[in-house]
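Lettering follows sequence order; numbering is per chain, from 1.
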Amino acid sequence: MSTSNPVTAVKLVLLGEAAVGKSSLVLRFVSNDFQENKEPTIGAAFLTQRCTIGAKTIKFEIWDTAGQERFASLAPMYYRNAQAALVVYDVTKPASFIKARHWIRELHEQAAPNIIIALCGNKYDLIEGEIEGEDAKRKVSVEEGQKVAEEEGLLFFETSAKSGHNVNEVFMAIGHKIPEKRSETERSAGDAAREADRVDLSNVVNDTQADGWVENGQICLKYSALYDDEAGRESMGGWYFPGNITQED
Amino acid sequence: MSEHETQPVQQIADEVSTEPIQVLPEANPTHTDTLEVLQMASPEDASDAASNETGESGKSKKKKKKKGKKQNNKTGTDTPETTEEASAVEAVTLDQPESKDAEAVATDAIEEPAEVAAIDADTTVNEHTALDNHSDASSSITVDRHAARVLPLLPTVDESDKNLFGNVVEFDRNFNNNLLVSRLHNLNEGFNSKNPKDQEQIKTACQALRTTFNEIKNSIAMMGDHMLGYKIDWELWTKVVNNYEEIVLNEPDTLQEAVSEGIPNEVRGMIWQLISNSKNFQLEEFYASIKNEPSEHEKAIKRDLSRTSFVTSGEASSKMDSLFHVIKAYSLFDPEVGYTQGMAFITVPLLMNMNDSEAFCLLVTLMKDYNLRSLFMPEMRGLHLLLYQFDRLLEDKSPFLYNHLIKQGIRSSMYASQWFLTFFAYKFPLDIVLRIYDAVITEGMESILKFAVNLMIKNESNLLPLSFDKLLEYLKDKLFNFYLYGEAASTSQLNLTTMNKRFSFMAGKKSGINNNSESYRLNAFVKDAATIDILPFYLKKYQSEFDEFLQLEKSKESEIKKIKYANGKLRSEVKILESNYVMLDRENIAVVNAMVHTKVQRANNSDENHDLELEIKKLQEKLVSLESKLPASSRPGETLDEIQLEGSPYTELPTNIEEEIQAAMEINTKVMDTNRALEEELMMLEDEYRQVDDEFKLLLSQDKKGWFTKKPFWAA
């Protein structure tokens, strides 16, 4: 916690169904403490924690929100400016996993586009060492969690606020990701859709090449000129087609 | 609750509403409680003025009343300045009916004092905060000002209407207790809107409560007050029990003071139920019938109850089952609300004062008639409204603090949501919540704003120097320390005390003055809160602002939705166009390919043709040279056959040459044919190409959106 390091403040919001252990995760991270039967959060709670990652000191400003559906109208205020979000579910409660996916979708739609999201399957202590089977307590498999995380580009951890398993790791992973993510987004200011279009187009070009279009060097050049040189295209009356060939005769 | 008294009020309201009314633009016409009160007051002035012409009695009578009231408030110290102002405005109003052309002049007169009132309103805030420290004295002064402020807004009333306003005199005196009166008004309205059968039920229930009250009163009287350690003002509470309306209208100050000292624990439950008309045998039966029915919220309720220390520790723990049943029954009774976290906090104080079926009835009453429901409904509209009203009030009462919080990025929803959703029970002890409940039951849900605003104002100096993190911490945990005994103690110690003392008085019976060693200066807290004057008029104004704001937000949202939808549609259109484009492109390429192919072939063919022509030429030359070797007698016109037939020397000419020539000629013709065919084919292909090209150009010209003509998105 050296003061010489620059302190980066990271706004982090916790989301997830009621009683999955959001407040407990924060309590573990902030105070390294655990309370059985933690009180339900009404409204939201705010906590901070500093930690050093490499040469950087990160100050997590954590908004711990109320989980009950009813309080959802209060949540946007907290995640709107958040740089990171912890979406928590309970590995023994499949409904909480569904809710987590809802939150992820809402974050993707409403929160900052570069928000770092970590998916946490909490209450790992309840299923630790458990053998898979019919009456297993675990209801959400690691694979399911991983799959969602992969699809949505999230960090993924199975945690236990009770034992402390992976709790610090989640926050560290978020802390690690903070600067990388930022520089990346600064570079590509253009929107993602445009990028995607570009990819589509290159496929088109390749397709035409596969059709044997390259046989004629001259035409192939003109064709590709369309994509690189707007002036050339526009000088041909807004259309790129190689006019000299048709006019030759 | 005598009907004959409320009836004329209703009638008056109806009569008045048909009159042209000068309404403040902000005032929501559907919420005319305040206005009605104001309107009711008007004819009194009018009749005062009327009687003024015949004799001084009316006016002097009123003045006497006013004086009497002020003495009631223990404000013998009439500031000369304020009385002057008040009477000045009063005079303007009183002038109205004296004028011969009453109506015309009246409208002029109305507008003028309205301005006076506006200026007055501005000064009130500052003066009020200044006077706040001398609490008691200030309230009655502001009262007169509010009266003065609203009087000019009164409608002009026909002479004939005057006699309708028999007992409205009382309303005039109750401006300072506006929340109290407005709550009473809502209560009466609610009562009158019920069908006679239900009204009868409520009356029976109230009678039952009165009987219980009297029993308790008698039993305590038998034991003697000394057993309690404090005195209960039986006279007052008996009046409250027997005719609440009368005491609200005639002795509001006495009532408010008594309430702010706390309704005696022994009778609190009964008084709550009586004041709110909550007890209902039918509903109790309903409760009994569903309390054991399963609810979808059962699990969530159980889980939350077991982890809520407000419930699990202290006296409330013995009521755990009742609490569970009441909340579960409510979730069944009102599926739209179901169960919301926070309900337990609201329900515990009820159960501490009555049995579970009564508590259920009161919970239903609070939810429905007191509109607590809006706090717990999905979207929590009521909460957002309270937060908005709180913001406006704080802005009004302490602009410095308000601005500081805004600058620090602190929104009231960050700390005050839990205050309102739990009536402060989330952080503060039960006995505080009970006292807050006293106010809520008598004044309505909005009175919670008094407590909230008061806490903020009292902590102003502590909050102003803090920044975001510290502010949130303070707002969450330390606000109430202001009312701890031994303020000198360090903050950390205070926190400890808060935790320890949280449930310490749950069993302690108390009312009136607290001389126990309690850690909170509860009376000071409640009394300070009572000095925060919150007029229903302003609350309504804020509400309509909030509604407008919400409306705006909604329309924005729907617009965004529309735009998003349109965007989606355009996107799919783009996709279709793009795929069309790709297809056309490919077609085009195929045509060009074929064309090039043909051209190459044609070139090859023409080369071949050329070669063949050369060969023909060679052969012809050869023929000519051969012919020239022939004897002169030979006739060039004769065919070779003839020459042969004539047996000329040329017969030596080998026939195979002739055949060769013939063959060459034939080949030549064939090649020429092929050539022609190829040329035709070429022509056809060119035609085809031109057609495709035209088609393409046509497409281009139809391309209004410019998908093709614009700089392509991939070429940026």
* Given that the side chain runs from C-beta out, which part of A/Ala18 has a heavy atom under 4.5 Å from chain B: side chain, backbone, both or neither? -> both
* Output field: ring centroids B/Phe468/A/Phe46 closer than 6.0 Å -> yes
* Closest non-hydrogen atom pair between B/Asp469 and A/Lys59, with its separation -> OD2-NZ, 2.8 Å
* Asked: Based on non-hydrogen pairs under 4.5 Å, which of B/Arg411, B/Met414, B/Glu473, B/Gln418 is most in contact with chain A?
  -> B/Met414
* Asked: Which residue pairs pass the salt bridge (Lys or Arg N to Asp or Glu O under 4.0 Å) test with at least one member in residues 65-79 of chain A, sequence neighbours excluded?
  -> A/Glu69-A/Lys99
* Any pair counted as salt bridge (Lys or Arg N to Asp or Glu O under 4.0 Å), so long as it reaches residues 297-306 of chain B, sequence neighbours left out -> B/Asp304-B/Arg307
* Give the intermediate values and the outcome of side-chain contact (heavy atoms from CB on, under 4.5 Å) for residues A/Phe71 and B/Leu383. => CA-CA 10 Å; A/Phe71 294 84; B/Leu383 173 67; 5.9 Å; no
* Asked: Can you find a heavy atom in the side chain of A/Leu74 that is under 4.5 Å from one in the side chain of B/His384?
  -> yes
* Asked: Out of curiosity, B/Ser413 OG to A/Tyr78 OH, how far, rounded to the nearest 0.5 Å?
  -> 4.5 Å
* To do: Give, as side chain, backbone, both or neither, the part of B/Thr312 having an atom under 4.5 angstrom from any heavy atom of chain A.
  => neither
* Asked: Crowded around B/Glu553 CD? As in, over 12 foreign heavy atoms under 6.0 Å?
  -> yes
* Verify, without hydrogens or angle tests, whether A/Glu39 (side chain) and B/Ser309 (backbone) share a donor-acceptor contact under 3.5 angstrom. => yes
* For the atom pair NZ (B/Lys470) and OG1 (A/Thr48), what is the distance rounded to the nearest 0.5 Å? -> 7.5 Å
* A/Asn37 side chain reached by B/Thr308 side chain, heavy atoms, under 4.5 Å -> no
* Looking at B/Lys476, B/Arg690, B/Met377, which has the largest count of heavy-atom pairs under 4.5 Å with chain A? -> B/Met377
* B/Ser417 side chain vs A/Gly43 backbone, donor-acceptor pair below 3.5 Å -> no
